[in-house]
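Proteins get letters first, then strands, A, B, ... in listed order; numbering begins at 1 in each.
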Amino acid sequence: MSSEVRVRFAPSPTGYLHVGGARTALFNWLYARHAGGKFILRIEDTDRARHVDSAVAAILEGLRWLGLDWDEGPGSGKEAGLDGCGEYGPYFQSERGAVYERYLNRLRDAGHVYEDPAGAVRFRLPRKPMEFDDLVCGHIAVDRSKTTTPTGEPESDMTIRRPDGSWIFHFVNVVDDAEMRITHVIRGEDHLSNTPKHIELYQALGIAPPQFAHIPLILNRDGSKMSKRDQGAHVSSYMEQGYQPEAVCNYLCLLGWSPKDDREKLPIEEVIRLFEPSKINRKAAHFDLEKCNWLNAQYLAAMSLDEFTQASIPWLKKAGIVYGGTAALSPVLALIKEKIKLIPEVPGWVDYFFTDAFDYNAEAVEKTLRKPGALERLVQLRGAYAELNAWEASLLESQLKELAAKVGCKPAEYIHPARVAVSGRSVGPSLYHMLEVLGQQRVLARIDRTLAEFAG
RNA sequence: GACCCUAUCGUCCAGAGGUCUAGGACACUCCCCUUUCACGGGAGUAACACGGGUUCGAAUCCCGUUAGGGUCACCA
């Protein structure tokens with residue numbers, strides 16, 4: 001009746017959301033949004049005994065974080081809770097037993113299933129050549145009569161219900177896709193070999209199968225299979241490490257898809273506009289965290305100072321830094337904003353702005369303060385800065401350079417010790433701007449402290 | 001083992017028979033900017049897996065080989 005595109009993401013609640021799964025969800029979502037269709041989330045928890053609410057929550061949380069809102073499924077993309085929305089529910093397979101029973105009877109009436117000696121229900125798999133069109137892989141022709149097990153036995157019939165009455169993936173997956181009016185099944189390439197069997201199921205049921213699109217898997221950088229233990233494998237790890245969700249999402253979009261021009265960072269609206277399942281690459285993509293980090297830095301650079309400040313606050317609090325209001329915080333963050341690749345690095349760059357009790361980095365001390373004459377330079381610089389009636393970066397710079405010229409040494413002889421004296425380390429923002437933000441009182445006091453600590 | 005998918009710089013992506021002495025990005029190296037670190041700007045190293053065809057012409061089409069991946073469950 002309607003030609004509306006309906007796609008779905010159907011994870012099983014394993015307790016976390018894998019990036020591979022996230023990308024599958026993303027591509028489904030992109031297509032739904034591109035086509036003005038619906039994105040459905042269905043939880044494949046056929047094993048009710050293993051159903052854990054927190055495991056489902058981890059998946060919903062990851063999807064929401066990435067911005068992948070669903071139109072039907074547990075809860076909605078926008079609100080919390082697991083109640084569900086949509087007219088084809090429930091969206092937990094553990095609650096759909098009656099539906100499966102009904103479809104099983106249809107198969108039974110048509111003579112497609114039988115009970116094996118152990119009491120499991122099996123589907124009589126037609127062993128004949130068949131073919132289908134895949135949106136990503138193209139036309140696929142297989143002869144299932146030829147596939148055998150590792151020991152050389154012919155493949156056995158597909159089990160669809162266990163002796164204990166619980167259901168097997170293949171059957172319920174097909175039934176639910178049919179019941180939920182799914183028009184396009186976009187899933188991982190690991191399902192490619194399952195698809196002929198699923199199509200047989202559709203045919204036995206007398207239902208027209210949906211369009212299929214199998215997307216390549218994501219591998220580790222070195223080409224090995226990405227497992228749950230690998231770095232960056234869980235969406236939650238990006239949440240915990242303070243990545244920008246837009247950046248991670250953007251990166252995932254680029255894994256197997258591209259706008260066909262040289263753009264890398266592009267708004268999701270633009271991806272939605274250009275996305276086509278048939279344009280997805282056929283080759284497995286290797287996951288490169290470096291590039292993801294670079295994209296994240298691009299997103300940070302594009303943030304306003306205010307956005308950057310708001311994003312930094314939770315991490316400053318977590319680090320126990322008392323910054324005393326955004327008015328005091330923002331000028332400091334302005335100094336280091338473009339040096340940051342990941343928001344959680346912020347506390348490590350600004351801590352000394354908010355406490356006088358910072359430590360001196362041993363290596364920095366060795367390389368600058370311990371150098372002959374360094375403390376003498378500090379005394380001279382302190383003298384010059386103490387006399388200033390104004391306190392502004394360009395003035396501080398000209399004063400320092402004048403002093404160096406008068407004494408007949410390089411400005412560096414003042415710059416390096418000064419940096420260590422006021423911050424305890426040898427790397428940081430532009431010295432003069434840092435001094436400006438710190439203020440005259442604190443700068444002089446910190447030089448005094450340094451002189452006292454390292455004299456003699 | 002059988003069946004299926006895939007094959008362009010280390011990695012991601014352009015390239016859909018001539019415009020390719022193969023382009024962009026990440027990473028790496030060097031230079032500039034900056035007397036710190038980073039950003040930014042510039043330059044450089046680096047690839048069509050191999051072998052056969054088809055064609056006037058192939059990274060692009062076909063076949064084979066090799067390599068990688070997937071599936072062959074009462075996991076999803």
Worksheet item: Contact class for A:H191 vs. all strands (heavy atom < 4.0 Å): base, sugar-phosphate, or nothing?
Response: base
Worksheet item: So which nucleotide from B:A76, B:A73, B:G15 ends up closest to the side chain of A:S156?
Response: B:A73
Item to complete: Could you check how far CG of A:L125 sits from C1' of B:A2, rounded to whole Å?
Response: 16 Å
Worksheet entry | N/O donor-acceptor pair, side chain A:K339 with base B:C37, under 3.5 angstrom | yes
Discussion item. Please report the distance separating the C1' of B:A76 from the corresponding atom of B:G70, rounded so that it comes out in whole Å.
Written reply: 15 Å
Worksheet item: With rounding to whole Å, what would you report as the distance between B:U66 and B:G23 at their C1' atoms?
Response: 28 Å
Discussion item. Just to be sure I understand the rule, does A:S193 reach a base, reach only the sugar-phosphate, or reach nothing, if contact means heavy atoms closer than 4.0 Å?
Written reply: base
Worksheet item: To the nearest angstrom, how far is A:E276 atom CD from B:C13 atom P?
Response: 18 Å
Response to the item:
Testing B:A76, B:C72, B:C37 for proximity to the side chain of A:K197, the answer is B:C72
Response to the item:
Of the listed B:G70, B:C72, B:C74, the closest approach to the A:R162 side chain comes from B:C74
Worksheet item: Say you pick atom C1' in B:U8 and the same atom in B:G68; how far apart are they, in whole Å?
Response: 16 Å
Worksheet item: Could you give the NE2-to-P distance, from A:H170 to B:C74, as a whole number of Å?
Response: 8 Å
Worksheet item: Rounded to whole angstrom units, what separation is found between the CG atom of A:N220 and the C1' atom of B:G68?
Response: 14 Å
Worksheet item: Which of these nucleotides, B:C72, B:C5, B:C13, is closest to any side-chain atom of A:A285?
Response: B:C13
Worksheet item: Is the centre of the A:F287 ring less than 6.0 Å from the centre of the A:Y251 ring?
Response: yes
Practice prompt. Report which part of the nucleic acid A:A118 touches: base, sugar-phosphate, or nothing (heavy-atom distance under 4.0 Å, all strands).
Written response: base
Discussion item. If the threshold is 4.0 Å, N to carboxylate O, is there a salt bridge linking A:E179 and A:R102?
Written reply: yes
Worksheet, complete the sentence: A:T159 has its side chain closest, among B:C26, B:G1, B:A73, to B:A73
Worksheet item: So, are A:R425 and A:D351 salt-bridged, with charged N and O less than 4.0 Å apart?
Response: yes
Practice prompt. Please determine, for B:G44, whether a Watson-Crick or G-U wobble partner exists with both distances under 3.5 Å, and give it or none.
Written response: B:C28
Worksheet entry | Who pairs with B:U55 - Watson-Crick or G-U, where each distance is under 3.5 Å | none
Practice prompt. Measure from CZ on A:R419 to P on B:C37 and round the result to the nearest Å.
Written response: 9 Å
Worksheet item: If you measure from the P atom in B:U29 to the same atom in B:C61, how many Å do you get, rounded?
Response: 37 Å
Worksheet, complete the sentence: With syn meaning chi within 90° of zero and anything else anti, the base of B:C39 is syn
Practice prompt. Give the rounded distance in Å between these two atoms: CD of A:E131 and C1' of B:C4.
Written response: 14 Å
Worksheet item: Expressed in whole Å, how much space separates the C1' atoms belonging to B:A14 and B:G24?
Response: 7 Å
Worksheet item: Does A:N281 get its side chain close enough to the base of B:A7, under 3.5 Å, for a donor-acceptor pair?
Response: no
Response to the item:
B:G1 -> Watson-Crick or G-U wobble partner, both distances under 3.5 Å, gives B:C72
Fill in: Nucleotide opposite B:A7 in a Watson-Crick or G-U pair, distances under 3.5 Å
B:U66
Worksheet item: Can you name the ring-ring contact (aromatic ring centres under 6.0 Å, His included) partners of A:F27, sequence neighbours left out?
Response: A:F275
Worksheet item: Do A:R96 and A:D176 sit within salt-bridge range, that is, some charged N less than 4.0 Å from a carboxylate O?
Response: yes
Worksheet, complete the sentence: In Watson-Crick or G-U wobble terms, with both distances under 3.5 Å, the base opposite B:A14 is none
Discussion item. Applying the Watson-Crick and G-U wobble criteria at under 3.5 Å, what pairs with B:C20? Answer none if nothing qualifies.
Written reply: none
Worksheet item: Heavy atoms under 4.0 Å, any strand shown: does A:G256 hit a base, just sugar-phosphate, or nothing?
Response: sugar-phosphate
Discussion item. If I pick the C1' atom on B:A46 and the same atom on B:A73, what distance separates them, to the nearest angstrom?
Written reply: 45 Å
Worksheet item: From B:C4, B:C12, B:C74, pick the nucleotide closest to the side chain of A:K291?
Response: B:C12
Worksheet item: Considering only side-chain heavy atoms of A:K283, which listed nucleotide, B:U6, B:A25, B:C4, is closest?
Response: B:U6
Discussion item. Students often get this wrong, so: under 4.0 angstrom with heavy atoms, is A:G428 touching a base, only sugar-phosphate, or nothing?
Written reply: base
Worksheet item: Are any of A:T148's side-chain N or O atoms less than 4.0 Å away from OP1 or OP2 of B:C3?
Response: no
Practice prompt. Check whether the side chain of A:K146 and the base of B:A2 form a donor-acceptor pair under 3.5 Å.
Written response: no
Fill in: Test: A:R263 and A:D261 ion pair at under 4.0 Å
yes
Worksheet entry | Protein-nucleotide distance (A:W167, atom CH2; B:A73, atom C1'), rounded to Å | 18 Å
Worksheet item: Between B:C74 and A:R122, is there an OP1 or OP2 to side-chain N/O distance shorter than 4.0 Å?
Response: yes
Worksheet entry | Minimum-distance nucleotide to A:I140 side chain [options: B:C72, B:U36, B:C4] | B:C4
Worksheet item: Parallel under 30°, tilted from 30 to 60°, perpendicular over 60°: which one fits the rings of A:H112 and A:F123?
Response: tilted
Discussion item. Please determine whether a side-chain nitrogen of the Lys or Arg among A:K197 and A:E200 lies less than 4.0 Å from a carboxylate oxygen of the Asp or Glu.
Written reply: no
Worksheet item: Out of B:U11, B:C13, B:C74, which has the shortest distance to the side chain of A:S258?
Response: B:C13
Worksheet item: What interatomic distance, in whole Å, is found between C1' of B:C62 and the corresponding atom of B:U55?
Response: 12 Å
Worksheet item: Taking CH2 from A:W294 and C1' from B:U11, how many angstroms apart are they, rounded to a whole number?
Response: 14 Å
Discussion item. Counting the atoms with a prime plus P, OP1 and OP2 as sugar-phosphate, which does A:T147 contact under 4.0 Å by heavy atoms, base, sugar-phosphate, or nothing?
Written reply: sugar-phosphate
Worksheet item: So does A:E264 reach the base of B:G24 with its side chain, donor to acceptor, closer than 3.5 Å?
Response: yes
Discussion item. Can you tell me which nucleotide in B:C12, B:C37, B:C75 comes closest to the side chain of A:L255?
Written reply: B:C12
Item to complete: Apply side chain to side chain donor-acceptor pair (under 3.5 Å) to A:Y238 and A:N296, showing your working.
Response: CA-CA 11 Å; A:Y238 299 90; A:N296 195 72; over 6 Å; no
Worksheet item: Ion pair present between A:E189 and A:K283, side-chain N to carboxylate O less than 4.0 angstrom?
Response: no
Worksheet item: Of A:H286 and A:C409, whose closest RNA chain B nucleotide lies nearer the 5' terminus?
Response: A:H286
Response to the item:
By nearest-heavy-atom nucleotide on RNA chain B, the more 5' of A:F169 and A:S430 is A:S430
Worksheet entry | Rounded C1' spacing from B:C33 to B:A7 in Å | 42 Å
Worksheet item: How is A:I415 classified with respect to the nucleic acid when contacts are heavy atoms under 4.0 Å: base, sugar-phosphate, or nothing?
Response: base
Worksheet item: When all nucleic acid strands are considered with a 4.0 Å heavy-atom cut-off, which category describes A:P429: base, sugar-phosphate, or nothing?
Response: base
